[in-house]
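Along the sequence shown, the residues carry numbers beginning at 1.
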Amino acid sequence: MTSCKHQLTVDQQVDALYEKMSQKERIAQLRSTYMDDLFDAEGHLDTSKCRKLIPDGIGHFSQYASQAPMDPNVLCDRVAAVQDWLIHNTPSGIPALFHEEVLSGINTSGATIYPQQIGQACSFNPVLAEKKTLQTGIALRKMGGVLSLSPMVDVCRTPSFNRLEESYGEDGYLSAVMGTAFVRGLQHGGLDKGVGACSKHYLGYGGGGDADEKELMEEILLPHETMIRLTGSKALMPGYHAVHGTNCVANHEILTDILRGYLGFDGMVVSDYTAIDQIPGLDTPTEKAAAAINAGNDVDFPYGANYQHLQEGLDRGLVKPKAFERAVKDVLRYKVRAGLLSRTPYLYSNEKIVLDSPEERQTAYDIAAQSVVLLKNSGVLPLNGKQRVFVTGPNANSMWAMCGDYSFPSMTYFWKMNDKDLDHPHVVGLWEGMRDRRPADIELSYSRGCDWTEEIETKLSHGGDERAWDYKMLHRKVDAGEKADSSEALRMARSADVIIAAMGENVMLCGENRDRQGLSLPGKQEQYVEQLLATGKPVILVLFGGRAQVIARLADRCAAILQAWYPGEEGGHAVADILYGKVSPSGKLSVSYPKEELNVPICYNRSTAQDSRVEWPFGYGQSYTSFAYSNLEMTDEAKTDEDSFTLRFRVTNTGQRDGDEIAQLYLSPADDKLPVRPIQLQGFARVSLKAGETKTVTMKVYTEQLGYYSHEQQRQWNVVPGNFVLKVAASSQDIRLQHPLTLKGKTVVKPLRDHYFSEALVQGEKE
């Protein structure tokens with residue numbers, strides 16, 4: 001195995017290693033394969049397969065922990081066997097990077113399933129986001145995982161986008177805060193002990209790739225920029241889509257000019273699975289490989305099907321030698337940073353690995369409880385007193401109401417078409433959660449009532465991973481495993497005092513490559529809710545899924561509405577505790593909730609006025625208590641060259657219950673000439689308050705947050721004099737306090753910002 005002299009810099013180590021490697025070894029570092037292909041039927045490493053498939057080493061192993069249900073200790077042993085073989089039986093003895101998806105926990109059997117990111121964004125809680133990935137990173141590194149293909153930080157503004165669930169929503173600032181927290185936890189102090197994050201899908205996947213340059217650079221780029229510059233993310237994945245007419249994986253403008261030139265990124269760029277195959281207008285794998293590597297893409301996932309032809313590309317003059325050298329050195333540099341080439345590399349753990357600890361389940365619960373958004377409540381919630389509560393709907397008694405895409409059950413169901421024995425760890429559904437948490441005076445009953453769909457709604461979507469362009473894979477619907485008897489359910493509904501209707505999507509109705517007809521409730525769910533409403537009993541609509549659902553025809557008549565998203569393995573307990581009033585809902589919307597079918601981008605920051613197409617605005621969410629804002633104090637003036645200014649205000653719980661409020665800070669221009677958004681989130685704070693309690697929130701706002709991007713002779717960030725308004729709010733449409741600010745002085749121009757996020761301190765909390 002290659003050892004690195006301590007006194008050498010990272011680049012010196014990389015240069016020395018590169019020079020001693022053969023060309024075949026170099027190409028192997030840019031490719032990937034699947035670990036299971038190296039093992040025999042009894043689970044032993046087949047060295048003949050190793051000599052055949054990876055004689056010159058290998059750069060990466062693709063999704064190594066999710067190919068089959070396997071004990072984490074067995075996985076670890078397999079990683080150990082492969083790494084040992086690479087170190088002792090390949091020319092340069094270079095270990096591989098084992099990568100996995102960790103969007104909502106490790107994508108492996110038995111690992112904690114945390115809430116999907118779209119729901120977690122509604123918590124506005126980066127502390128919990130960091131805690132979640134700290135737990136994830138520790139466990140994955142023990143199992144031999146060094147790199148993750150997460151988080152997804154696309155700023156998703158098209159409500160119908162089938163992968164919106166993986167994102168943090170429509171706002172660049174919120175996505176950036178949550179994304180950097182994700183990286184901070186996952187990498188926990190360094191790549192040599194933590195798990196590396198991969199920023200994806202760069203740039204503008206899910207809406208924004210065709211935005212004008214100012215929006216692209218100010219908002220769509222922001223989460224990637226902060227992950228790279230603030231938290232040291234050293235891996236990045238281009239999207240499947242095109243920017244300015246060129247597929248991202250072969251786009252020199254975004255991969256070389258913006259990423260490496262403007263942002264100064266010196267990490268590793270990896271293709272999305274089969275993305276290089278999808279480069280249009282090129283006939284051969286060699287040409288596609290050349291287009292990708294010349295533009296700035298380093299690694300070909302999942303197999304290296306195109307990059308295996310790199311030598312031919314070099315021989316024919318299609319591949320630029322400098323691009324090839326850059327790519328190989330980017331991979332080697334990552335491995336040095338990850339400690340794989342040190343004298344004592346942390347390649348896996350020798351201790352017994354236990355997944356889904358009580359602490360991890362508690363974190364999953366905490367996130368879920370803070371992610372649920374109360375959209376409407378006419379007083380029926382929380383449930384209390386002696387009541388007969390009828391629970392119904394396709395998502396009332398199903399794990400598919402809880403598990404988002406890129407969790408192990410969902411990936412196994414979709415990709416492997418396996419629906420057997422997936423409840424590892426145990427996923428608590430709503431019906432189970434309501435029984436577990438039931439107060440003594442509540443009487444519960446249940447009948448499914450209706451299915452998700454009667455017909456197959458999933459449409460073939462030629463986008464994303466081309467392995468999913470399969471009729472059998474997409475042309476199916478989820479078998480609930482229980483009967484849906486509407487006659488029985490309606491009889492039970494008529495004899496109840498309150499009805500809880502759990503509706504929405506499932507693994508086949510939302511996710512990568514999965515589109516359906518629209519955003520109204522799938523199948524005949526809306527008709528079933530209409531029948532429930534016709535009983536005259538109050539209906540509490542609980543929505544699960546990866547996107548906002550269009551429920552405008554039902555909303556006015558439902559007694560209460562909860563948006564629960566995909567709340568993870570403890571979601572049933574979390575939602576039940578909210579329904580019973582053990583927890584006051586505190587989530588706020590990370591997207592604008594549409595009232596009509598929308599297949600175009602929308603965002604709250606386009607106007608200070610409410611968009612007529614939106615049912616509930618960004619930042620909105622009700623509570624079981626009420627909050628008052630008061631005493632905003634801040635300066636009237638600041639200077640362009642000053643570092644920051646401070647504002648403070650009070651939040652009081654004016655209700656009868658304890659609760660958390662998410663206080664939001666927005667910035668608006670007071671001058672029409674200022675080229676900044678009409679309204680833009682620039683800070684927030686979660687404030688936990690007992691009934692009647694008041695706390696003071698202090699926010700340090702960096703002057704650079706008032707600036708904007710421009711591209712004149714060069715790309716730059718500008719802070720200019722002008723008049724602004726700082727708005728303290730309960731949502732983007734519920735401004736409680738505001739104060740004018742005049743920024744004075746000379747224009748300050750710099751290539752990039754040094755500060756991106758305001759800093760909030762709540763009275764009584766530690767700094």
Side-chain angles (χ1 to χ4, degrees), residues 4 8-15 17-18 29-30 32 59-62 94-103 130 133-134 136-137 140-141 144-153 176 179-203 221-239 248-249 254-256 258-272 293 296-301 325-342 345-347 752 756:
C4 300
L8 295 180
T9 67
V10 171
D11 283 342
Q12 286 172 332
Q13 295 174 47
V14 168
D15 290 345
L17 182 55
Y18 182 86
Q29 290 301 308
L30 306 182
S32 189
H60 313 261
F61 282 97
S62 298
I94 302 172
L97 289 167
F98 284 78
H99 73 243
E100 193 46 81
E101 311 281 352
V102 299
L103 192 73
E130 182 175 342
T133 52
L134 175 62
T136 298
L140 184 60
R141 191 72 190 239
V146 181
L147 173 66
S148 78
L149 302 188
S150 308
M152 192 263 227
V153 289
T180 53
F182 187 111
V183 178
R184 194 176 294 114
L186 194 68
Q187 298 187 171
H188 64 276
L191 295 177
D192 58 336
K193 293 290 186 271
V195 171
C198 179
S199 172
K200 69 180 188 183
H201 306 87
Y202 180 86
L203 180 65
L221 179 64
L222 182 61
H224 302 280
E225 182 175 338
T226 57
M227 283 175 61
I228 291 165
R229 298 194 69 234
L230 299 184
T231 53
S233 182
K234 296 296 184 182
L236 177 138
M237 177 184 286
C248 291
V249 76
I254 67 168
L255 295 182
T256 298
I258 295 174
L259 180 64
R260 291 186 170 90
Y262 181 57
L263 294 186
F265 180 72
D266 65 349
M268 176 178 64
V269 177
V270 302
S271 81
D272 210 336
I293 201 166
N297 184 82
D298 296 323
V299 180
D300 183 2
F301 283 160
E325 182 177 344
R326 178 217 71 234
V328 177
K329 288 185 175 181
D330 283 349
V331 174
L332 296 177
R333 189 182 300 111
Y334 195 96
K335 291 187 175 186
V336 171
R337 286 168 166 161
L340 300 193
L341 303 180
S342 71
Y346 180 22
L347 300 177
L752 291 159
Y756 296 85

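Contact detail for Cys248 and Gly239: the closest heavy-atom pair is CB-O, 3.4 Å. The two atoms that bring Tyr202 and Ile258 nearest to each other are OH-CG2, 3.5 Å, heavy atoms only. The two atoms that bring Thr256 and Gly296 nearest to each other are OG1-CA, 4.0 Å, heavy atoms only. Nearest heavy-atom pair, Pro238 versus Ser271, reported as atom, atom and distance to 0.1 Å: CD-CA, 4.4 Å. Of all heavy-atom pairs between Leu149 and Glu101, the closest is O-OE1, 3.1 Å. Residue Val195 comes nearest to Gly137 through the heavy atom pair CG2-O, 3.4 Å, listed as atom of the first residue, atom of the second, then distance.
Put simply, the side chain of Leu332 reaches to within 4.5 Å of the side chain of Gln29, judged on heavy atoms. Side-chain contact between Leu17 and Ile94: present, with at least one pair of heavy atoms (C-beta onward) separated by less than 4.5 Å. Put simply, the side chain of Val146 does not reach to within 4.5 Å of the side chain of His99, judged on heavy atoms. Side-chain contact between Val328 and Leu30: present, with at least one pair of heavy atoms (C-beta onward) separated by less than 4.5 Å. Leu340 is listed as a side-chain neighbour of Leu347, based on a closest heavy-atom distance under 4.5 Å. Inter-residue side-chain proximity for Val102 and Thr133 is flagged as unmet; no heavy-atom pair is nearer than 4.5 Å.
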Inset, instruction - Carefully, step by step, assess Ser32 and Ser62 under the rule side-chain hydrogen bond (donor to acceptor under 3.5 Å, both in side chains). - result: CA-CA 6 Å; Ser32 189; Ser62 298; 2.7 Å; yes

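A salt bridge links Arg260 with Asp298; the closest basic N to acidic carboxylate O contact falls under 4.0 Å.
Asp266 pairs in a salt bridge (Lys or Arg N to Asp or Glu O under 4.0 Å) with only one of the listed residues (Arg337, Arg229, Arg333), which is Arg337. When Leu259, Val153, Ile254 are each tested for a side-chain contact (heavy atoms from CB on, under 4.5 Å) with His224, only one passes: Val153.
You'll find the ring centres of His60 and Phe301 inside the 6.0 Å limit.
Here CD1 of Ile293 is found 12.0 Å from CG of Leu255. Values are rounded to the nearest 0.5 Å. The distance from atom CG of Leu236 to atom SG of Cys198, rounded to the nearest 0.5 Å, is 6.0 Å. To the nearest 0.5 Å, atoms CZ (Phe182) and OG (Ser199) are separated by 11.0 Å. Considering CG of Leu147 and CZ of Phe61, their distance stands at 13.5 Å, rounded to 0.5 Å. Interatomic distance, CZ of Arg141 versus OG1 of Thr136, reported as 15.0 Å (0.5 Å rounding). Note that OG of Ser150 and CG of Leu186 are 8.0 Å apart. Values are rounded to the nearest 0.5 Å.
Side chain of Asn297 to main chain of Val299: a donor-acceptor pair is present (N/O by atom type, distance under 3.5 Å, no hydrogens or angles). Although no hydrogens or angles enter the test, the distance criterion places no donor-acceptor pair under 3.5 Å between the side chain of Arg184 and the main chain of Gly189. Proximity of a side-chain donor or acceptor of Lys335 to a complementary backbone N or O of Pro95 within less than 3.5 Å is detected. No side-chain donor-acceptor contact under 3.5 Å links Gln187 to the backbone of Gly196. Judged by distance alone, with hydrogens and angles left aside, the side-chain atoms of Tyr756 form no donor-acceptor pair with the main-chain N or O of Leu222 at under 3.5 Å.
For Lys329 and Tyr18, the positive end sits near the middle of the six-membered ring, less than 6.0 Å away and at most 45° from its axis.
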